[in-house]
Amino acid sequence: MYIGGFQKISLLDYPQKICSIIFTVGCNFRCVYCYNRLLVLPEFYPKSLSFFEIKDYLKKRKGLIDAVVFTGGEPTIQPDLIERMLELKQLGFLIKLDTNGARPEIVEKCIKEEAVDYIAMDVKAPLEKYKFITQVNVDTNKILQSIKIIKSFPAYEFRTTVFPGLSIEDYEALFPLIKEAKRYFLQECRLQNTLQDCSSLVPFSSKEINFLKEKASKFVDYCGVRG
Ligand code: SF4
């Protein structure tokens, strides 16, 4: 596993649990608003951290840390993702996967092999705008498949970064994709140091984001906003 970063403690990244975060290197998307160039662009890739050192660190903190989050980059492109998740699960940690949903077969395998306890998927745009946001050719059927698989899992959330390069109407067109989901979050977008220069864009106002929250709430059980 190519690991570009390790955050020892977070109180925010696994619902109601204290977690550590493993940041994997490499992504199959190039989202215009991505600020993780170290984990996304090969020319900036850092030297890999050792999974075994991280595992050793976690082993010594069992009881203090409840969960481990695999995020990226895009963790599902790591060939040994499930093996590594299971290693940490066997130590007694809850495991969360953050994914962009482009590889439903891996998400499904994580579930089948009981390697994961919580899944968070980014739903980036209405399907016809995926290419504009991700700057790659996305098989949007795979996005739909991932949504379907994740919805049948007990503990999950979908989330959308609200990027002002798309319109309010675009986001309204996205919400039916996650119809009847249990938990959904709208995330405010950072516009500095992004893969493409977004600094001239004007972020959505709180009023606009609240409007979107109201609209999204009609499709999902719970909708929240994250700053
Ligand atoms: S924001 Fe997009 S490019 Fe950046 S890590 Fe996430 S999926 Fe990959």
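Keep in mind it's a predicted model, so treat the numbers as computed, not measured. We count ligands from 1, going down the list as the structure has it; atoms in each ligand are counted the same way.
- Here the protein contributes Cys34 SG as N, O or S atoms under 2.8 Å from atom 4 (Fe) of ligand 1.
- Residue pairs meeting the salt bridge (Lys or Arg N to Asp or Glu O under 4.0 Å) criterion with at least one member in residues 62-84, sequence neighbours excluded, are Asp80-Arg84, Arg84-Glu87.
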I'd like to know whether Glu214 forms a side chain to side chain donor-acceptor pair (under 3.5 Å) with Ser217, so could you lay out the CA-CA distance, the side-chain angles of the two residues, the decisive distance to 0.1 Å, and finally the verdict. CA-CA 5 Å; Glu214 253 179 54; Ser217 299; over 6 Å; no

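- Hydrophobic side-chain contacts under 4.5 Å tie Tyr35 to no other Ile, Leu, Val, Met, Phe, Trp or Tyr residue.
- Under a 3.5 Å cut-off, the side chain of Arg103 and the backbone N or O of Asn100 do not form any donor-acceptor pair.
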Let me see the working for Tyr57 and Phe6 under ring-ring contact (aromatic ring centres under 6.0 Å, His included), right down to the final yes or no. CA-CA 11 Å; Tyr57 172 90; Phe6 177 63; 5.6 Å; yes

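- With respect to atom 6 (Fe) of ligand 1, the closest heavy atom belonging to the protein is Lys124 NZ, 4.1 Å.
- Pairs passing the ring pair (Phe, Tyr, Trp, His ring centres under 6.0 Å) check and including a residue from residues 85-143, sequence neighbours excluded, read Tyr14-Tyr118.
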